[in-house]
2 protein chains.
Amino acid sequence: MKHQSPKRIIIVEDDNIIRNAFVTLIQQSGDYTVANAYSNAEAAIKNVKDDAPDICLMDIELPGMNGIEAIPKIKVLSPNTQVVVVTVYENDDLVFKALCEGASGYLTKNMPPQKLIDSLKELENGGAPMSTNIARMVVSSFHKNRQSPLTARELEVLELLSSGKSYSTIADQLFVDKETVKSHIKNIYLKLEVHSKAEAIEKAKKSKYI
Amino acid sequence: MKHQSPKRIIIVEDDNIIRNAFVTLIQQSGDYTVANAYSNAEAAIKNVKDDAPDICLMDIELPGMNGIEAIPKIKVLSPNTQVVVVTVYENDDLVFKALCEGASGYLTKNMPPQKLIDSLKELENGGAPMSTNIARMVVSSFHKNRQSPLTARELEVLELLSSGKSYSTIADQLFVDKETVKSHIKNIYLKLEVHSKAEAIEKAKKSKYI
DNA sequence: GAATGCTCACCCTTTTTGGGGGTAAATTAA
DNA sequence: TTAATTTACCCCCAAAAAGGGTGAGCATTC
């Protein structure tokens with residue numbers, strides 16, 4: 001088998017001390033080479049085709065374009081690059097935005113140095129490295145709220161309603177009359193204290209009933 | 001500081017050899033105590049209030065009730081118990097079902113033994129232990145498909161449509177005329193080759209455009 | 001400078017839908 | 001034996017959705 005050349009990494013991080021620490025840490029590991037290190041996203045994007053990185057470590061708060069916006073731009077120019085966010089922010093919103101934009105991992109800067117190298121290995125193995133809290137946030141985002149005021153049938157109806165189906169389609173799918181669906185929806189509105197489909201869906205999603 | 005009593009664990013696994021291996025492994029770690037070990041979900045559910053486990057290791061394929069169905073029953077009877085699925089299955093459907101039902105982690109049986117103990121520690125630290133492939137599946141589930149035939153504006157409209165909003169509400173939110181929204185939706189239907197809201201939403205979600 | 005694609009906006013029509021108000025039987029669970 | 005759930009029906013009517021077509025303004029691309 002042919003020898004694998006060491007994985008190429010770029011770093012986007014505006015703090016000089018942290019950036020240099022990452023460079024040193026990664027170079028010393030021996031298994032990776034730092035193709036380039038940037039203090040802003042624009043420069044990284046401009047050079048990403050030449051750098052041809054396997055992995056990009058991306059900070060979020062950066063001068064100019066922020067790290068979240070930078071992710072899709074990197075991915076378009078270099079689709080095989082895996083972007084891992086490395087930041088101090090553990091805010092739900094930022095985490096899910098980063099993942100939606102295409103991040104393959106999300107690390108917080110308070111991790112021990114060895115964890116960074118472990119994470120790179122995890123990426124190579126087809127994983128998605130995440131800090132402890134981030135993994136929990138991600139998994140929790142799937143959990144449903146079981147204290148729902150709605151009955152099982154009502155939840156079924158609301159689920160279908162939230163997928164854009166009409167009353168009659170829902171009725172067909174549940175093998176009941178359209179008027180029955182209407183009754184369920186009336187009860188859903190009563191319980192959720194709303195007066196329209198959109199409000200019901202919004203409230204149910206926010207409360208994680210569906 | 002007061003001494004913490006060792007975390008209590010129950011195991012639900014129908015294969016005697018594997019179950020006993022887990023028991024031995026966990027007992028030997030010293031940091032955990034096996035409160036009970038069951039070969040089926042029904043028995044585990046019956047005793048979960050008495051066992052009062054901090055953690056439940058749950059297999060999926062079991063005689064009688066399967067592990068996925070068992071998760072919510074365990075969580076209702078003992079809300080502070082963290083359920084971790086331990087299985088051979090890496091199927092997307094099962095993973096997401098397990099997480100939706102309330103699993104706090106998902107491990108595959110091909111892991112090295114030490115990984116199980118590490119995972120228990122990870123749980124204690126507020127994490128969500130996952131095998132490499134599972135973590136990638138979970139993170140990938142957030143990624144959007146960037147080869148969408150829809151324009152940015154059309155995606156915006158479709159996103160709002162999929163949240164149950166009416167044409168006029170969408171129009172207000174985007175500061176355009178209702179007729180403009182209609183035009184966009186007509187184009188969306190054309191491009192996606194559908195003839196209704198529900199079909200458009202279904203196709204867009206399936207293709208991960210939204 | 002012609003062509004294309006995108007965003008925006010208006011017109012017409014039709015059927016369907018959604019939401020409000022009631023009522024009530026059968027089943028199931030507490 | 002109450003209470004809750006699921007089912008189903010009636011009325012009404014405004015609003016919404018979907019189909020059709022047209023076209024201006026703008027940016028990009030060829």
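Letters go in sequence order (proteins before strands), and every chain restarts at 1.
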ask   = Can you tell me if Lys205(A) uses its side chain to pair, donor with acceptor, with the backbone of Ile210(A) under 3.5 Å?
value = no
Any base atoms under 4.0 Å from [X], or only sugar-phosphate, or nothing? Heavy atoms, all strands.
X         : answer
Lys197(A) : sugar-phosphate
Ser183(B) : base
His195(A) : sugar-phosphate

Whole angstrom value for the distance that separates [atom2] of [N] from [atom1] of [X]:
X         : N       : atom1 : atom2 : value
Leu161(A) : dG18(C) : CG    : P     : 7 Å
Leu158(A) : dT6(D)  : CG    : P     : 13 Å
Asp172(B) : dA16(D) : CG    : C1'   : 14 Å
Asn187(B) : dG23(D) : CG    : P     : 17 Å
Tyr189(B) : dG20(D) : OH    : P     : 13 Å
Lys182(B) : dC12(C) : NZ    : P     : 11 Å
Ile188(B) : dA17(D) : CD1   : C1'   : 14 Å
Lys178(B) : dA17(D) : NZ    : C1'   : 9 Å

Indicate whether OP1 or OP2 belonging to [N] is found under 4.0 Å from a side-chain N or O atom of [X].
X         : N       : value
Thr151(A) : dT5(D)  : no
Tyr167(B) : dA18(D) : yes
Thr180(A) : dT7(D)  : no
Ser196(B) : dA17(D) : no

Side chain of [X] - closest among [options]:
X         : options                  : result
Arg153(B) : dC9(D), dC11(D), dC8(C)  : dC8(C)
Lys186(B) : dG21(D), dA8(D), dT6(D)  : dG21(D)
Glu179(A) : dA16(D), dG19(D), dC9(D) : dC9(D)
His184(B) : dT6(D), dT7(C), dG19(C)  : dT7(C)
Val176(B) : dC8(C), dA8(D), dC6(C)   : dC8(C)

query = Relative to the 5' end of DNA chain C, which residue comes earlier, Ser166(A) or Val194(A), by the nucleotide with the nearest heavy atom?
reply = Ser166(A)
5' precedence on DNA chain C between Pro149(B) and Phe175(B) (nearest-nucleotide basis) = Pro149(B)
query = Looking at Ile55(B), Asp54(B), Asp31(B), which one forms a side chain to side chain contact (heavy atoms under 4.5 Å, CB included) with Leu120(B)?
reply = Ile55(B)
Result of checking Leu174(B), Thr169(B), Leu155(B) against Leu160(B) for side chain to side chain contact (heavy atoms under 4.5 Å, CB included) = Leu174(B)
request  = Tell me yes or no: between the side chains of Thr132(A) and Glu122(B), is some donor less than 3.5 Å from an acceptor?
outcome  = yes
ask   = More than 12 foreign heavy atoms under 6.0 Å from NZ of Lys208(B): is that the case here?
value = yes
task = Would you sort out whether Lys121(A) and Glu124(A) count as a salt bridge (Lys or Arg N to Asp or Glu O under 4.0 Å), showing the intermediate values?
result = CA-CA 5 Å; Lys121(A) 296 242 164 72; Glu124(A) 266 193 277; over 6 Å; no
